[in-house]
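Treat the numbers as computed from the prediction; the structure is a model and nothing was measured.
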Amino acid sequence: MQLEVVLERAAQALADEPVADRTVFLARLERYWPDLLDGLTVAYGTEALSLAPRVVDLAVAGFRARPHDLRMLDLRRHVEPDWFQSPRMLGYAAYADRFGGDLRGVAAKVPYLAELGVTYLHLMPLLQPRPAPNDGGYAVADFRAVRSDLGTMDDLSALTAVLRREGISLTLDLVLNHVAAEHEWARRARAGEPRYRAYFHVFPDRTLPDRYEQTLPEVFPDTAPGSFTDVPGLGWVWTTFNSYQWDLDWSNSDVFCEFADLVCFLANAGVECLRLDAIAFLWKRMGTDSQNQPEVHGLTQALRAVGRIAAPAVLFKAEAIVGPAQLAHYLGTGIHSGRVSDLAYHNSLMVQVWSSLASRDARLMTTALRRFPAKPRSTSWATYVRCHDDIGWAVDDADAAEVGWDGHAHRAFLSDFYSGAFPGAFARGRVFQENPATGDRRISGSCASLAGLSAAGDDARLVDLAVRRHLLAHLVVLGYGGLPLLWMGDELALLDDDAWADDPAHADDNRWVHRPRMPWPVASRRHVDGTVEHRVWQAIRSAVEVRSAMPAMHASYEAELLDPVNPAVAAWVRRAPAQTVVALHNLSESPQVWPRWAVPLDGPLRDALTGAAVDDDLVVLGPYDVRWIVLR
Ligand code: GLC
């Protein structure tokens with residue numbers, strides 16, 4: 001009954017739209033209305049009944065403002081809903097200023113991305129932040145303006161149009177958990193406006209904050225201890241991250257409506273994927289760690305429904321750095337299956353790559369990855385080796401115990417190893433946010449530095465091994481299943497930025513060591529034979545090309561881990577109807593073998609990466625070699 005009323009109202013509001021557009025919109029509204037209503041009900045209970053029509057009004061307004069070419073893109077995505085799972089997909093993540101200077105500069109660098117085969121570009125936060133420090137832009141002061149030194153909203157729309165023409169989809173962050181203390185909502189809360197005070201979690205004294213903190217983990221224990229900040233004239237404000245990042249109170253449905261509107265606004269600028277930053281933290285609950293609460297998935301489902309009704313070309317990508325059991329929910333389990341995010345970062349795969357390179361042992365990786373429940377077919381992992389963040393050693397104690405290791409000791413080993421303190425370690429990283437209470441030490445550093453390239457100096461043999469490690473890590477993320485994301489500079493094996501601390505606003509955050517400015521003269525060495533840049537670029541480029549023609553690399557076919565019959569080799573199989581691929585990875589600097597009988601394929605074989613035949617009873621893998629074995 002309610003749906004009929006809502007449809008009728010929407011039809012009237014769209015009366016002056018072309019009839020085809022109106023029809024399509026109403027069909028989507030009818031299809032996704034239950035998702036919207038059910039999602040809102042999870043978070044807001046019976047209030048959802050009055051809230052849902054209000055949200056539909058926002059979707060109608062969003063659709064009315066949607067440019068024609070983006071409405072066409074919506075239709076193209078309707079007929080190819082698995083576009084982002086295609087083996088052709090390759091992601092690239094960068095800071096707009098550090099990559100291209102500003103948005104126009106990024107547009108000018110599109111040929112570089114195209115040369116690499118990029119089809120998806122994540123530009124790090126570029127909406128107007130508070131003045132530095134601003135957590136690399138994750139403290140947003142205005143969601144409707146581009147950072148002034150980067151350009152304008154018009155430049156953003158122009159950039160997305162250029163990217164679309166090249167077949168590159170733009171991803172931007174939607175920072176949902178918090179706003180900068182300088183955001184208008186926070187300013188008006190400080191000024192005493194009740195409407196905006198209710199956008200935040202504000203407490204008159206420490207009574208409740210103290211109770212909450214008994215079960216809250218610390219995100220930045222070193223530089224921003226505690227989860228609450230005393231704001232003069234207001235009270236104790238919930239600030240999970242830095243004291244200048246105020247957590248929003250999502251139990252207030254006005255906050256939901258603000259973000260429903262923002263989803264449409266960014267979609268209409270041509271953004272094709274929204275990275276839901278720190279999504280796990282949205283809902284707070286006393287006595288818990290206030291992460292992964294069921295309401296988070298209800299809220300995501302409702303926001304997703306808004307997107308699917310008003311701008312279905314847009315994907316959602318969950319940034320939830322949580323354990324496997326929790327992570328599965330972000331791609332949708334149970335009632336939320338297929339209704340929340342399309343993509344989620346595979347943090348565990350990333351951690352296991354580094355862990356297994358340090359231990360030269362595939363057993364923990366195999367155990368940990370097998371622990372992941374199957375995800376909905378229509379969703380994908382975002383796989384990556386490095387990103388703008390540090391690496392936290394999310395190694396599960398039970399997984400470690402299963403291979404006979406002690407979880408705590410292994411995590412301590414990894415911190416020692418990747419900070420270069422462990423005798424003989426090839427890595428040269430830096431400790432980030434040491435937590436004396438838990439013993440945690442996270443690690444910053446570029447992929448190449450962590451893989452051994454800095455420590456190699458000019459020793460040709462060590463350089464060779466470091467490059468091989470760097471490439472192995474990238475082949476894992478290209479071959480595991482998902483949308484592979486390259487972090488800017490890794491296509492050239494860039495080392496740490498030694499000048500990272502020169503900017504005083506960065507000096508207490510060593511994640512900047514792996515967020516360099518793109519050294520374009522170094523990048524041009526990708527065409528110079530005999531350089532590391534050339535070797536790495538060519539190898540990645542070629543694997544990307546090979547992959548794009550392999551049916552088994554479609555992201556819906558998941559990796560099944562094979563028993564590591566040789567513990568120094570990580571192996572998995574992916575089975576598509578048209579092709580099966582068996583991927584082998586030598587995690588060590590010594591040659592290894594893998595028996596032919598442990599390759600689950602019948603018939604003559606070849607390695608798709610090199611084209612070479614694989615005929616012998618033992619597959620021989622040189623140091624850090626990778627094979628993608630298929631039938632000949
Ligand atoms: C995400 C970002 C991280 C940022 C945090 C707070 O985890 O990746 O860089 O510090 O959110 O917004």
Side-chain angles (χ1 to χ4, degrees), residues 62 65-74 76-77 83-84 88-129 134 136-138 140-175 261-277 307 310-317 343 382 387-388 483 485-489 491 515-518 520 523:
R66 190 144 174 87
H68 175 74
D69 58 338
L70 293 174
R71 293 185 186 189
M72 291 308 291
L73 184 68
D74 292 335
R76 286 211 300 281
R77 302 297 197 221
W83 64 277
F84 64 97
R88 283 184 301 98
M89 292 302 289
L90 176 68
Y92 189 88
Y95 289 93
D97 52 342
R98 297 184 161 244
F99 178 67
D102 59 13
L103 294 186
R104 287 172 191 216
V106 172
K109 295 295 183 195
V110 165
Y112 177 84
L113 299 174
E115 186 186 332
L116 189 58
V118 170
T119 58
Y120 163 114
L121 174 64
H122 172 204
L123 289 179
M124 299 299 293
L126 52 75
L127 301 176
Q128 188 64 57
N134 53 38
Y138 283 104
V140 180
D142 185 351
F143 290 105
R144 291 173 193 270
V146 168
R147 212 174 90 191
S148 43
D149 60 315
L150 294 177
T152 62
M153 279 308 296
D154 285 344
D155 292 331
L156 181 63
S157 298
L159 172 62
T160 62
V162 171
L163 291 168
R164 258 196 315 285
R165 274 201 297 279
E166 282 294 331
I168 301 175
S169 301
L170 182 69
T171 296
L172 285 193
D173 281 272
L174 187 61
V175 184
D261 201 33
L262 279 172
V263 166
C264 298
F265 175 77
L266 292 172
N268 288 347
V271 175
E272 292 184 44
C273 175
L274 292 169
R275 174 187 181 277
L276 308 178
D277 180 65
V314 177
L315 300 176
F316 275 20
K317 175 171 64 167
L343 293 161
C387 68
H388 68 289
L483 201 167
L485 302 177
L486 296 180
W487 176 240
M488 190 203 85
E491 72 278 19
R515 300 169 177 177
R517 286 180 195 287
M518 182 62 130
W520 287 104

Quick one: do Leu274 and Leu266 satisfy side chain to side chain contact (heavy atoms under 4.5 Å, CB included)? Show the steps, please. CA-CA 9 Å; Leu274 292 169; Leu266 292 172; 3.9 Å; yes
Working note: Leu170 + Leu123, criterion side chain to side chain contact (heavy atoms under 4.5 Å, CB included); need CA distance, chi angles, decisive distance, verdict. CA-CA 7 Å; Leu170 182 69; Leu123 289 179; 3.8 Å; yes
Set out, in order, the CA-CA distance, both residues' side-chain angles and the distance that settles side chain to side chain contact (heavy atoms under 4.5 Å, CB included) for Met153 and Phe265, then state yes or no. CA-CA 11 Å; Met153 279 308 296; Phe265 175 77; 3.6 Å; yes
Which is it for Val110 and Glu115 under the side chain to side chain contact (heavy atoms under 4.5 Å, CB included) test, yes or no, and what are the steps along the way? CA-CA 9 Å; Val110 165; Glu115 186 186 332; over 6 Å; no
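Interatomic distance, Leu127 CG to Leu174 CG, rounded to the nearest 0.5 Å: 9.0 Å. With values rounded to the nearest 0.5 angstrom, Leu159 atom CG is found 7.5 Å from Leu121 atom CG. Here the CG atom belonging to Asp102 is positioned 10.0 Å from the CZ atom belonging to Arg147, to the nearest 0.5 angstrom. Note that the NZ atom of Lys317 and the CG atom of Leu276 stand 9.5 Å from one another [nearest 0.5 Å]. Considering CE of Met89 and OG of Ser169, their distance stands at 5.0 Å, rounded to 0.5 Å. With values rounded to the nearest 0.5 angstrom, Arg66 atom CZ is found 5.5 Å from Asn268 atom CG.
Under the 4.0 Å criterion applied to side-chain N and carboxylate O atoms, Asp74 and Arg76 are not assigned as salt-bridge partners. Look at Asp69 and Arg165 and you find no salt bridge, because none of the NZ, NE, NH1 or NH2 atoms lies under 4.0 Å from a carboxylate O.
For Thr160 (side chain) and Ala269 (main-chain N/O), a donor-acceptor pair under 3.5 Å exists by modelled atom type.
The shortest distance between side-chain heavy atoms of Tyr112 and Met518 falls below 4.5 Å. Between Val140 and Asn134, the closest side-chain pair of non-hydrogen atoms is not below 4.5 Å. Between Tyr120 and Leu90, the closest side-chain pair of non-hydrogen atoms is not below 4.5 Å. Side-chain contact between Trp83 and Leu315 is present, with heavy atoms from C-beta onward closer than 4.5 Å. Between Glu272 and Leu70, the closest side-chain pair of non-hydrogen atoms is not below 4.5 Å. Between Leu172 and Arg275 there is no side-chain heavy-atom pair separated by less than 4.5 Å. Looking at heavy atoms from C-beta onward, Val314 lies out of side-chain contact with Cys273 at the 4.5 angstrom threshold. Between Met124 and Tyr138 the shortest side-chain heavy-atom distance falls below 4.5 Å.
Across Val106 and Ala96, no two heavy atoms sit closer than the pair CG2-O, 3.7 Å. Counting all heavy atoms, side chain and backbone alike, Met488 lies closest to Pro516 at CE-O, 3.4 Å. Gly137 and Pro129 get closest at one heavy-atom pair: CA-CB, 4.1 Å. Of all heavy-atom pairs between Ala114 and Glu166, the closest is CB-OE1, 3.9 Å. In terms of heavy atoms, Trp487 sits closest to His388 at CH2-CB, 3.4 Å. Pairing each heavy atom of Asp173 with each of Pro125, the nearest pair is OD2-CD, 3.6 Å.
Side-chain contact, Tyr92 with Glu491: a donor N or O sits under 3.5 Å from an acceptor N or O.
With ring centers used as reference points, Phe99 lies under 6.0 Å from Trp520.
A cation-pi arrangement is absent between Arg515 and Tyr95, since the terminal nitrogen or guanidinium carbon is not both under 6.0 Å from the aromatic centre and inside a 45° cone about the axis.
Atom CZ of Arg88 is surrounded by 12 or fewer heavy atoms from other residues, nucleotides or ligands within 6.0 Å. Around the CZ atom of Arg104, the shell of radius 6.0 Å holds no more than 12 heavy atoms that belong to other residues, nucleotides or ligands.
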